[in-house]
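Working notes, structure below.
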Amino acid sequence: MAQQKTDSPRRSFLRRVMGDSIWSIAGLMLMNLAAQFAVYPLWNRRLGNESYGHILFLLSAMNILAVSMGTACNYGRMKESAERETGNRTYLQVLAWASLAAVPYMIVASLLSGAGMSPAETALLVLLTVATMWRFYADVGYRLTLNYRGFFLYYLTVSLGYGVGVALFLRTGLWPLALLPGELAGLCLVLLRGHVLRPEPEREPEAVARRVTRVILTLFATEVINNLIFNGDRVLLNALLDGTAVSLYYQASLLGKTMALIATPLNSVLIGYLSRYEGGLDRRLMKRIAAASLAALAVVTAACTLAAHLLIQLLYPQNYALVRGYFPVANLAQVAYFISGIVATVLLRYCRIRYQLYINLVYAGLFLGLCLPAALLRGLDGFCLALLAVCLARLGFVLFLGARSAWTGKGLNDNETQGSAGPVL
């Protein structure tokens, strides 16, 4: 009976996570599909390949700042909310300073891109960067209250705003307008229905504000590294080999990379529930996490590889014979990266915040140290094998950090006790 009482809350926890994951995944998938299948192809058709390439570069530059800072504030507040009541003031202050920094940052990026943007396009791009940053933070209210139906409505609103943006772009020719109405629509919804974007009248104690700022900056550094290396395969292959190598690897790993669309909403649900879950990271939980990770690695890789044979043959029949040999290796690498990201989110709840930085620093070092010489010496074949080794090493390192914390108690948050981690061997 005691065993049943112990397991029942965890089973109920998993059921709630899966149910809310469906709402979360549906919302973010809807937004991403609206951007990837409506906005991006329209840019390409209307502006041509050269201008479209400049836009993709500028969006990458935007994401390095906007997504990194918005996510850092979002995850930072979720982590702090697991320990105490949190307010908006410090997070909004950090976002305000980052918004000011976005002005010169995006102006320089637009000049480096060679896009020849008009002053109106540059101003709209800066505004888009700021709005995207705040939009990434603003969904934290839905996560804190575990309101994932509201979370879905939030991203549905963003998606509908993209539809308005498409009409504005067709009318004006100003490409940032295709996305800007969606970002602003999501922020307006939060302002009308919640308090996440409204600062409290009273200030937080200075010591608390400093601690919150340190957490945000640590997560920001982690996210910057993550966003820099997320597209590192395309940058490195284009620089060292050629555009054909970029296209072939993109097509070979396409199914594995789509897991990122699932990882983001799943991570958001996990961090929301883990911030309320009072259990510790003990040996039993860590064993289950490791076993589930390895099982998912095998099953998801097999599914992605099979789907790749069907989808790539349909979408890119001229290249299918060239890329099919890369399917197992390329998809295994991307799935390993996806699973390690989910496990790292679990560690964010239980372990010291700097572990997140360690994980991405190790990945970045291995990526540069292995993939660069492998691409130079063995071309695309060498790059694929090297990236697979790097992604598996990242997964192994994440599981090692979790196991070390569960077995010894080292690396756990200060509010965790040695007892919750089990006896020391």
Side-chain angles (χ1 to χ4, degrees), residues 60 222-241 245-246 248-264 266-267 270 289-308 312 323-348 355-404:
S60 298
T222 301
E223 291 297 325
V224 166
I225 296 170
N226 191 48
N227 280 296
L228 281 171
I229 63 182
F230 184 74
N231 293 314
D233 51 359
R234 278 170 276 181
V235 173
L236 190 146
L237 287 173
N238 191 62
L240 300 181
L241 300 178
V246 177
L248 294 180
Y249 185 75
Y250 171 77
Q251 293 164 25
S253 62
L254 180 61
L255 270 294
K257 279 185 174 291
T258 57
M259 300 307 299
L261 296 178
I262 299 175
T264 299
L266 183 57
N267 286 346
L270 276 174
I289 291 173
S293 298
L294 297 177
L297 183 66
V299 173
V300 177
T301 299
C304 287
T305 302
L306 177 61
I312 301 304
V323 301
R324 63 183 180 183
Y326 296 112
F327 286 161
V329 173
N331 284 297
L332 179 57
Q334 296 302 321
V335 172
Y337 184 89
F338 150 72
I339 293 173
S340 65
I342 293 177
V343 179
T345 300
V346 176
L347 297 189
L348 177 64
Y355 276 16
Q356 304 296 311
L357 185 58
Y358 295 163
I359 291 165
N360 279 337
L361 284 175
V362 167
Y363 178 82
L366 290 174
F367 180 85
L368 293 175
L370 295 180
C371 294
L372 192 151
L376 285 172
L377 295 173
R378 298 291 304 276
L380 184 57
D381 291 353
F383 174 83
C384 289
L385 291 173
L387 185 59
L388 173 60
V390 171
C391 291
L392 290 175
R394 183 179 193 258
L395 176 58
F397 183 57
V398 171
L399 293 175
F400 165 76
L401 291 177
R404 180 178 181 271

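What you see is a predicted model; the values in this text were computed from it and never measured.
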query = Can Asn331 and Tyr326 be counted as having a side-chain donor-acceptor contact under 3.5 angstrom?
reply = no
message = Before you tell me yes or no, could you show the steps for Leu370 and Leu387 under side-chain contact (heavy atoms from CB on, under 4.5 Å), namely the whole-Å CA-CA distance, both residues' side-chain angles and the distance that decides it to 0.1 Å?
response = CA-CA 8 Å; Leu370 295 180; Leu387 185 59; over 6 Å; no
Interatomic spacing from CG in Leu372 to CG in Leu377 - rounded to 0.5 Å = 9.5 Å
key: For the student: nearest non-hydrogen atoms of Gln334 and Ser253, plus distance   = CG-CB, 3.9 Å
Atom pair CG/CZ of Leu228 and Phe367 - distance to nearest 0.5 Å = 11.0 Å
Check residues 388-396 and write down every donor-acceptor pair under 3.5 Å in which the side-chain atom is one partner and the other belongs to a residue at least two apart or another chain.
| unit_1 | atom_1 | unit_2 | atom_2 | d |
| --- | --- | --- | --- | --- |
| Arg394 | NH1 | Tyr337 | O | 3.4 |
| Arg394 | NH1 | Ser340 | OG | 2.5 |
| Arg394 | NH2 | Asn360 | OD1 | 3.1 |

task = First locate atom CZ of Phe338, then atom OG1 of Thr301, and finally report the distance between them rounded to the nearest 0.5 Å.
result = 10.0 Å
key: Heavy-atom closest pair, residues Ser293 and Leu399   = OG-CD2, 4.1 Å
ask   = How long is the span from the CG atom in Leu380 to the CG atom in Leu385, to the nearest 0.5 Å?
value = 9.5 Å
key: Minimum heavy-atom distance between Thr305 and Pro328, given as atom pair plus value   = OG1-CA, 3.9 Å
